[in-house]
2 protein chains.
Amino acid sequence: MISFQEFIKDCEKNCNKVQRKSFKKDEIITTYIAKRNQICILISGSADLVRYDSNGNKTIVEHFTSNDIFGEIFYTIATNNELFVKARHNSEVLFFSYDLMKHKCKTNCAFHKIFQDNLSELILSKVTMLNTRVELLTKRSIRDKLLGYFSILSVRNFNRTFSLPFSLTDLADYLSIDRSAMMRELKYLKDDGIIKKNGNKITLLIQ
Amino acid sequence: MISFQEFIKDCEKNCNKVQRKSFKKDEIITTYIAKRNQICILISGSADLVRYDSNGNKTIVEHFTSNDIFGEIFYTIATNNELFVKARHNSEVLFFSYDLMKHKCKTNCAFHKIFQDNLSELILSKVTMLNTRVELLTKRSIRDKLLGYFSILSVRNFNRTFSLPFSLTDLADYLSIDRSAMMRELKYLKDDGIIKKNGNKITLLIQ
DNA sequence: ATAAAAATGTTGCAACTGCAACTAATAAAA
DNA sequence: TTTTATTAGTTGCAGTTGCAACATTTTTAT
């Protein structure tokens with residue numbers, strides 16, 4: 001899998017069906033509109049999949065970092081909600097067409113072959129990410145959502161102390177909760193000695 | 001894709017690496033414990049992926065009907081939560097090992113080939129399902145969750161009137177909300193003339 | 001057929017969460 | 001460097017949701 005990820009980074013050298021583009025902070029990387037069956041892979045930087053619903057509520061549907069995969073192919077747009085991916089930091093992104101990659105390249109290039117062999121694995125990583133997301137969102141209280149998310153970050157970082165990947169405002173949009181209510185709960189968590197907070201650095205003090 | 005689904009149903013004739021089993025209502029189809037990389041396909045019937053968290057809250061993580069795919073391979077178990085799939089009706093299920101299916105069959109059987117060719121598509125259907133799930137769960141109120149779910153069922157059924165696939169008690173566990181609060185909201189929706197309800201048959205009256 | 005269990009339906013009340021409206025602090029732009 | 005915009009942090013209040021504790025109906029088991 002690692003070797004595939006390394007390989008991916010050199011993909012334009014391997015296949016002319018792939019495009020690499022750079023994005024500055026806050027630029028829109030792609031908008032989910034038509035069914036272009038686009039697949040994107042984030043090479044470097046970070047980005048968010050953002051949705052605005054009909055009530056104007058913003059949701060950060062997913063947060064992407066290096067090697068994460070996204071694109072229309074993963075999202076059948078049932079509603080009229082606006083859906084786009086926005087760069088959080090300067091980012092580099094690869095663009096493929098799923099349909100083109102699914103079928104053999106005319107030139108029978110090695111890239112196509114390797115991509116096809118690893119496609120399932122790539123999509124499976126997405127499934128895992130989404131399951132984690134569902135697990136967070138099904139938690140019944142703001143406190144449990146926060147602690148659940150902190151626990152994930154703590155495990156990923158091999159450390160009880162970790163940085164939030166985005167601002168507190170965006171954290172609320174990610175957990176699908178009101179920002180002020182979240183701030184209040186963060187205070188309670190501090191008061192109860194469950195977390196320590198210093199800017200966007202959090203430390204889990206229990207368990 | 002249809003032909004693949006049809007093909008799948010005859011799979012034991014095609015490959016001895018596949019098992020078909022029948023389950024009675026309420027039987028446990030599989031438990032997500034070890035990383036056996038199991039993939040299951042529901043041939044007939046219906047089933048739920050159920051999770052109990054440390055607070056004893058039950059969540060119906062997913063609801064499966066014919067041709068849906070599930071299994072440990074899709075779920076990296078990060079927490080100690082109990083996770084299992086339970087038959088809602090009498091069901092028939094195919095079991096594969098992802099690892100066995102990934103690699104060529106010793107006998108080079110046709111089933112393996114077709115399975116591999118369609119694996120990505122199969123997993124993509126899972127991603128779509130999960131995205132729909134996330135969209136529901138990020139809705140901010142009980143009313144919006146109910147209407148969002150009803151809208152999905154209405155579209156799937158090509159009809160403003162449809163049956164709920166499970167009991168109201170389970171619907172609450174699926175939407176991750178309190179049952180009595182949900183019942184109250186259902187009453188308000190009726191009072192406001194937004195839905196009509198007759199047992200587990202719902203009709204959307206607006207839009 | 002009858003008892004037991006599960007699901008539905010209801011309600012008061014308390015707790016939690018969202019909303020609005022601020023101030024303070026920090027970051028970005030002119 | 002100063003202004004402007006964004007983010008963080010607070011709080012009162014109202015509305016929503018969860019909890020508990022029922023009664024009623026339906027389903028399942030004996």
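Owing to the predicted nature of the structure, the values given are computational and were not obtained by experimental measurement. Naming: A, B, ... by sequence-line order, numbering from 1 per chain.
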Checking B:D192 now: which residues fulfil salt bridge (charged side-chain N to carboxylate O under 4.0 Å, His left out) with it, not counting sequence neighbours?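 Counting only residues at least two positions away or on another chain, B:D192 forms a salt bridge (charged side-chain N to carboxylate O under 4.0 Å, His left out) with B:R143.
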
Given atom [atom1] of [X] and atom [atom2] of [N], what is their separation to the nearest angstrom?
{"X": "B:M183", "N": "C:dT11", "atom1": "CE", "atom2": "C1'", "result": "13 Å"}
{"X": "A:K145", "N": "C:dC16", "atom1": "NZ", "atom2": "P", "result": "15 Å"}
{"X": "A:L137", "N": "C:dT17", "atom1": "CG", "atom2": "P", "result": "14 Å"}
{"X": "A:K58", "N": "C:dG18", "atom1": "NZ", "atom2": "P", "result": "17 Å"}
{"X": "A:K190", "N": "D:dT10", "atom1": "NZ", "atom2": "P", "result": "6 Å"}
{"X": "A:L186", "N": "D:dT7", "atom1": "CG", "atom2": "P", "result": "17 Å"}
{"X": "B:D191", "N": "C:dT11", "atom1": "CG", "atom2": "P", "result": "11 Å"}
{"X": "B:L168", "N": "C:dA6", "atom1": "CG", "atom2": "C1'", "result": "13 Å"}

Which word best sums up how the rings of B:Y174 and B:Y149 line up, parallel for under 30°, tilted for 30 to 60°, or perpendicular for over 60°?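 Correct class here is tilted.
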
Side chains of A:L164 and A:F150: closer than 4.5 Å at any heavy-atom pair?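 A:L164 vs A:F150: side chains touch.
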
A:R20 side chain reached by A:V93 side chain, heavy atoms, under 4.5 Å: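 They are not in contact (no side-chain heavy atoms under 4.5 Å apart), so the answer is no.
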
Interatomic distance, A:Q38 atom CD to A:F95 atom CZ [nearest 0.5 angstrom]: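 So the CD of A:Q38 and the CZ of A:F95 are separated by 5.5 Å.
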
Kindly calculate the angle separating the two end axes of the helix from C:dA1-D:dT30 to C:dA30-D:dT1, each obtained from five base pairs, and round it to 10 degrees.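 Both end axes considered, the difference amounts to 60°.
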
Count the heavy atoms of every other residue, nucleotide or ligand shown that sit under 6.0 Å from NZ of A:K201, and state whether that count exceeds 12.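 No.
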
Without hydrogens or angle criteria, can the side chains of A:E135 and B:Y75 be said to hold a donor-acceptor pair below 3.5 Å?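 A pair is found: one side chain offers a donor N or O, the other an acceptor, under 3.5 Å apart.
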
In residues 196-204 of chain B, which ones come under 4.0 Å of DNA chain C, going by heavy atoms?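 Those residues are B:K197.
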
Within 45 degrees of the ring normal and closer than 6.0 Å to the centroid, is that where the cationic atom of B:K126 sits relative to B:F70?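 No.
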
Would you mind building the protein contact string for nucleotides 14-30 of chain D? One character per nucleotide, 5' to 3', B for base within reach (heavy atoms under 4.0 Å), S for sugar-phosphate only, - for untouched. ---BBBB----------

With A:D144, which residues qualify under side chain to side chain contact (heavy atoms under 4.5 Å, CB included), at least two apart?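 Once residues adjacent in sequence are excluded, the partners of A:D144 under the side chain to side chain contact (heavy atoms under 4.5 Å, CB included) criterion are A:K139, A:S141, B:N55.
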
Given C:dA6, is OP1 or OP2 found less than 4.0 Å from the side-chain N or O atoms of B:S167?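 B:S167 to C:dA6 OP1/OP2: no side-chain N or O under 4.0 Å.
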
Using the ring pair (Phe, Tyr, Trp, His ring centres under 6.0 Å) criterion, which residues pair with B:Y98? Sequence neighbours excluded.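 By the ring pair (Phe, Tyr, Trp, His ring centres under 6.0 Å) rule, B:Y98 matches no residue at all.
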
Test log, rule salt bridge (charged side-chain N to carboxylate O under 4.0 Å, His left out), inputs A:D48 and A:R88: CA-CA 7 Å; A:D48 300 317; A:R88 178 164 292 281; 2.5 Å; yes

